[in-house]
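Here the structure is laid out as structure tokens; the discussion comes afterwards.
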Amino acid sequence: MQKIPSSAITPEGLYLSRRAFLGAAGALSAAALLTACGGGTYVSPEVLEQEAAGLTDELGAPVNSFQAITTYNNYYEFTTDKQGVARLAANFQTSPWELEVSGLVNKPRVFALEDLLAFEQEERIYRLRCVEAWSMVIPWLGLPLHRLLALVEPRPEAKYVRFETVYRPEEMPGQKDRFYPWPYVEGLRLDEAMHDLTLLATGLYGQTLTAQSGAPVRLVVPWKYGFKSIKAIVKIELVDTMPTSLWMALAPNEYGFYANVNPEVAHPRWSQASERRIGEQGRRPTLMFNGYEDQVAALYQNLDLRVNY
Amino acid sequence: MVTIGALLPLGLIFFDAMTGRLSVNPIQDLILRTGKPALVLLIASLACTPLNLLFGWKWIMAARKPLGLYSFGYIVLHLFLFVVVDYSLDLGLISQAVREKRYVLAGMAAFLLLVPLALTSNGAAMRKLGRWWRRLHRLVYLAAILAVLHYLWLAKVIREPVIFGVILLVLLALRLPIIRRALLRRT
């Protein structure tokens with residue numbers, strides 16, 4: 001008998017409130033926990049902001065407001081207007097959802113959203129650096145990708161991981177634009193994908209991820225430019241050759257496979273030496289590997305980062 | 001009419017700023033929203049002569065100067081936002097940006113070319129410069145090309161700057177003596 005994911009049978013209200021509860025529990029935030037247990041399916045931005053007061057990344061920078069994070073972002077499947085994403089994504093169906101993990105693995109598997117949420121969800125406060133030279137600090141909730149990959153057992157010949165976003169032009173108006181080779185595709189080297197910083201995010205601010213932020217499941221690779229962190233993933237494939245991302249296909253001279261944050265390598269269009277942190281005045285210097293140099297520099301020891309941008 | 005059209009984008013910026021409609025990255029909004037009108041107005045000022053040539057709209061020739069000057073006004077605002085508001089006059093970072101970003105270089109060059117044109121956009125300068133005035137003001141063609149390159153090189157999606165570029169090339173082509181003569185013969 002075919003197994004039916006519970007998101008397909010649970011009424012949405014109930015399902016969402018359970019998600020809020022799980023999210024809050026994951027965030028270990030007493031206030032959010034109380035709110036969620038009180039039966040609410042929704043924690044107001046004000047409450048979230050209060051809880052987040054004092055929350056910082058490991059370098060001491062405060063997290064950005066829930067409002068800023070969810071009203072200003074790139075998501076070309078909806079629109080190229082960063083402020084327009086939230087409105088256009090409002091009716092995007094994120095449940096039921098299936099994520100297929102296949103390719104060069106011993107145990108290919110389709111994960112329902114519930115399966116992903118059954119993993120312990122960790123809160124990770126990461127800097128997000130957009131290639132357009134603005135940045136935010138975001139409290140994500142999710143599971144390290146290596147825990148998922150371990151379950152499917154990558155075979156020795158697997159060298160890269162290819163990710164693919166859902167293709168649903170009727171719900172994602174930006175996908176009707178033939179200028180882009182949809183669906184969105186991204187890739188990581190297997191060792192990058194296995195790195196503990198690499199997160200499959202399912203939540204934000206201790207809550208279920210909202211549609212505009214890539215719900216129900218997205219990648220977060222904090223030492224790379226934001227566009228590597230692909231949203232609304234339906235397929236993860238282990239492969240032996242370097243995947244071609246959407247941006248590589250569109251402009252190979254501008255977007256490389258690696259896309260590591262690097263203040264010394266200017267994008268053909270943009271200098272990457274400094275950035276505008278949302279919510280701050282002026283600019284801050286951009287850090288090598290977005291400040292995660294200690295954790296990830298070893299991955300690139302034998303690589304010329306100017307050539308492999 | 002030119003004044004209303006030219007000041008509308010500025011009015012909308014103020015309205016959005018006052019009513020909290022700018023994004024959480026307001027500097028970016030302001031820079032983009034002063035740059036676009038600057039380019040549109042510059043191209044509009046270059047459209048007057050061909051439109052007169054094609055359709056005999058003599059009245060439109062009077063719009064060239066205000067369109068050009070309003071464009072320059074937006075450019076000054078645009079540059080002020082970049083140099084002072086965004087980069088806080090940090091000359092190190094600014095010079096790095098000029099060196100690393102070819103679009104900044106193109107934009108700066110366009111601005112520098114337009115400064116003498118704005119300064120000589122009055123009757124006294126016209127009389128004083130005589131036929132040199134015409135020659136000097138041909139720099140606007142180069143400045144417009146640089147302005148479109150500035151946009152083309154900074155845009156992630158090049159469709160819109162390409163459209164601007166095509167319009168500009170058509171407007172410039174219509175000024176070529178061969179085409180101009182053919183059009184004049186026709187009428």
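It should be emphasised that the depicted structure is a prediction, and the values quoted were computed from it without experimental measurement. Numbers restart at 1 for each chain; the letters A, B, ... are given by sequence-line order, proteins then strands.
- For I178(B), the CD1 atom counts as loosely surrounded, since its 6.0 Å shell holds 12 or fewer non-hydrogen atoms of other residues, nucleotides or ligands.
- For R175(B), the CZ atom counts as densely surrounded, since its 6.0 Å shell holds more than 12 non-hydrogen atoms of other residues, nucleotides or ligands.
- With a 4.5 angstrom heavy-atom cutoff, E132(A) touches chain B only via side-chain atoms.
- When the shell of 6.0 Å around CD of E58(A) is examined, it contains more than 12 heavy atoms from other residues, nucleotides or ligands.
- Only the side chain of R159(B) comes within less than 4.5 Å of a heavy atom in chain A; its backbone stays farther off.
- Neither the backbone nor the side chain of L89(B) comes within contact range of chain A, judged by heavy atoms closer than 4.5 Å.
- Among R277(A), R276(A), Q83(A), the residue making the largest number of heavy-atom pairs under 4.5 Å with chain B is R276(A).
- Atom CG of residue D81(A) and atom OG of residue S23(B) lie 9.0 Å apart, to the nearest 0.5 angstrom.
- More than 12 heavy atoms of other shown residues, nucleotides or ligands fall within 6.0 angstrom of atom NZ in K176(A).
- For chain A, the nearby part of D29(B) is the side chain; its heavy atoms alone come within less than 4.5 Å.
- Of all non-hydrogen atoms in G282(A) and S88(B), the two that sit nearest each other are CA-OG, 4.1 Å.
- The 12-atom threshold is exceeded at CG of D304(A), counting heavy atoms of other residues, nucleotides or ligands nearer than 6.0 Å.
- A 6.0 Å sphere centred on CD1 of I4(B) holds no more than 12 heavy atoms belonging to other residues, nucleotides or ligands.
- When heavy atoms are compared at a cutoff of 4.5 Å, N73(A) does not approach chain B at all.
- Heavy-atom contacts from other residues, nucleotides or ligands closer than 6.0 Å to CZ of R134(B) number 12 or fewer.
- Rounded to the nearest 0.5 Å, atoms CD1 (I94(B)) and OG (S274(A)) are 10.0 Å apart.
- With rounding to the nearest 0.5 angstrom, the CD atom of E100(B) is 9.0 Å from the CD atom of Q272(A).
- Counting heavy-atom pairs under 4.5 Å between each of N25(B), L93(B), V104(B), V85(B) and chain A puts N25(B) at the top.
- Both the backbone and the side chain of R283(A) come within contact range of chain B, each with at least one heavy atom under 4.5 Å from a heavy atom of that chain.
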